[in-house]
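FYI, side chains are in, hydrogens and waters are out, and symmetry mates aren't considered; it's all heavy atoms of this structure. A note on names: the letters A, B, ... follow the listed sequences, proteins ahead of strands, and every chain is numbered from 1.
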Amino acid sequence: MNTASPKMLQCSDMTVLERQNACLKWQQEQLQQQQQQEQQSYFSELSGVFSSQVQGFQGGLVSGDSVLGDMVMTRQVKPDPGLETAWHEMEKVDMAAMGFGPCGYSNGPDFDMNYAISRTSSCPTFVAAAVAAQAVEVKGKESIVSEKMGSTVGRGSFKKRKVDTLQNSKVVAEDDSKRIKACAEEGESKITGPNTNKSSSSNNKNKKETSTGTSKENSKVSDVQKPDYIHVRARRGQATDSHSLAERVRREKISERMKYLQDLVPGCNKITGKAGMLDEIINYVQSLQRQVEFLSMKLAAVNPRPDFNIDNLFAKDVFPSCATNFPAVGMSSEMANNPPYVQFNPVEQVVSSCGLEMGINSLDMALRRTISAPVSIPYASFLDSSCFTQIQPSATWDVELQNLYNVAFDQEGSMPFPSQPFTGTLLEKQNWGPELI
Amino acid sequence: MSPMNNPQDLNPSSLKSRFTTRFLRALTKINGQKPISSSSPREMFQRYRRIKVAADKSMAWSVRSRRTWSRAMLWKLRSRYSCRQASSSRRSSVRTSTIIKSRQAKTSHEKENKNTTTGQDEVGFVVQADKLRKLVPGGEAMDLCNLLGETAHYIKCLTTQVQVMRKIAHFYSL
């Protein structure tokens, strides 16, 4: 079986599922072979640990849980999975245990679980010893591999990890396995990532990266650690009194906000002087509030179609700007307690009566909406007369409003929506940024 | 009205979309409550008031409590609502009215203090600042600096409100 297992363990080419299936099959065979094994004690102790963790693995091993549990327990839990996939020299290690490994351990983090298992397992000594032995082997292999790789990055990381314990060896193994499995650059980038803070390697490339990383970090840290207050320096020929300094700061803040308001309020560019600006701002706020009132009055007067979807407002492009007189508005004027039904016919009547052919497209859209619309559509019978009577007041209302708008507000249509009207400096001093959006 | 091809409109968490959804919900509720009869102007006026309150409320809710003006507006709406509800029982109305009066007294007191301090610095702005304070909800208890910031945000929200309501009205009249 030992010849077969390496093939199965060369998981680099196989997908996860294939791996799992192959491992399951193999383990079942193994299980059958190793039914009479000693160390049943380990089985009881570790099975709990393993089953829970095995489930956490890849979700696909549910069926094989018990099998794997049995399997691994009987073997002395040798979790060195990622290594096995890469290094064929490790065949001398227990293949049974390895069988569990490659299936489950395609990623580095699975390592943690294994080592956790080995650590938490109350079984004891020879497992731990084996683990230690493996760790030594790992380190040995690592040296070989790093030399083989010849990458300076590996050397740097290796130097760092020489001092460390089992944990770091596992990190190394994880990184190395990643490196070997995937492309080299990937692994390097992953390794240089965590190394920015600690690495003291003499590698130029690494050094540059780490120095830039540390400098960036330092700058970031310094930015974060900056105090909340702003340092103000008294200019030449100005009072250095604390009160006057605070006053100056305040005045600067106010002037900044006035500038921002100047951008918001249209037509404020020509006006200089704070008093005039404030007047303009007051007028603008009053006009906006009046507009809201007018619009709410208009909405109160105009009868809406109850089956209005919210998507309509966002899908502006759907409806052409050729505003078809859709007098379905008038339909909802009648009784409220009618049984709901889709007003297919009345709409068609509307179309025929009003003689609109241009709006057929939008009508189709509307019909589709009505069909798919939610439940209660209180509609009465549609009357042509009511339709026309409803149109007229709204039309006159529109005309009046238009006049009002034209008189009072010149730039209302061209006013852009202030989406991102910030400059960097303004934001940093005042914490407006995210709140204003 | 030109169609807004602003990608910000499609952002489900933008102020505009939040306000729109809330306002539409309130509108449908209002329209569903009573049948719309154009004959009675009184009913129309009531509906207008309700819609206006709904618009303000949904705008304030979209901003949540991040801004002083939204908090003040929400508080005002709530107190007015509770006042109206408690109008039947005299005691609670008295209580709410006393609360409102005390708050007004407090704000006016604060305003006096602020005025004395601000009056020293910017003499010409007191009048306009007062006007602005009346316009912006919750503006009475703010110094000029914060007032300007609140005004900016309030203007932004008002423009959003106007745009959305105009679009809705346009659709309804189609």
Closest heavy-atom contact between [X] and [Y]?
{"X": "B:Y154", "Y": "A:Q289", "result": "OH-NE2, 2.8 Å"}
{"X": "B:L158", "Y": "A:V285", "result": "CD1-O, 4.3 Å"}
{"X": "B:V162", "Y": "A:L288", "result": "CG2-O, 4.0 Å"}
{"X": "B:A152", "Y": "A:Y260", "result": "CB-CE2, 3.5 Å"}

Discussion item. Any non-hydrogen side-chain atom of B:N146 less than 4.5 Å from a side-chain atom of A:R257?
Written reply: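 Touching, per the 4.5 Å side-chain cut-off.
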Worksheet item: B:L148 versus A:L278: any side-chain heavy-atom pair under 4.5 Å?
Response: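 Contact flag for B:L148/A:L278 side chains = yes.
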Worksheet item: Partners of A:Q286 by side-chain contact (heavy atoms from CB on, under 4.5 Å), sequence neighbours excluded?
Response: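 Result, side-chain contact (heavy atoms from CB on, under 4.5 Å) vs A:Q286: A:I282, A:N283, A:R290, B:L135.
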Worksheet item: Residues two or more places apart in sequence or in another chain: which of them pass side-chain contact (heavy atoms from CB on, under 4.5 Å) with B:S62?
Response: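 Partners of B:S62 by the side-chain contact (heavy atoms from CB on, under 4.5 Å) criterion, ordered by chain and then number, come out as B:L15, B:R18, B:F19, B:R22.
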Worksheet item: Can A:L264 and B:T151 be said to form a side-chain contact (heavy atoms from CB on, under 4.5 Å), step by step?
Response: CA-CA 10 Å; A:L264 263 186; B:T151 310; over 6 Å; no
Straight-line distance of [X] [atom1] to [Y] [atom2], nearest 0.5 Å:
{"X": "A:L295", "Y": "B:I168", "atom1": "CG", "atom2": "CD1", "result": "9.5 Å"}
{"X": "B:T159", "Y": "A:Q291", "atom1": "OG1", "atom2": "CD", "result": "10.0 Å"}
{"X": "B:R47", "Y": "A:S296", "atom1": "CZ", "atom2": "OG", "result": "11.0 Å"}
{"X": "B:M165", "Y": "A:F294", "atom1": "CE", "atom2": "CZ", "result": "12.0 Å"}

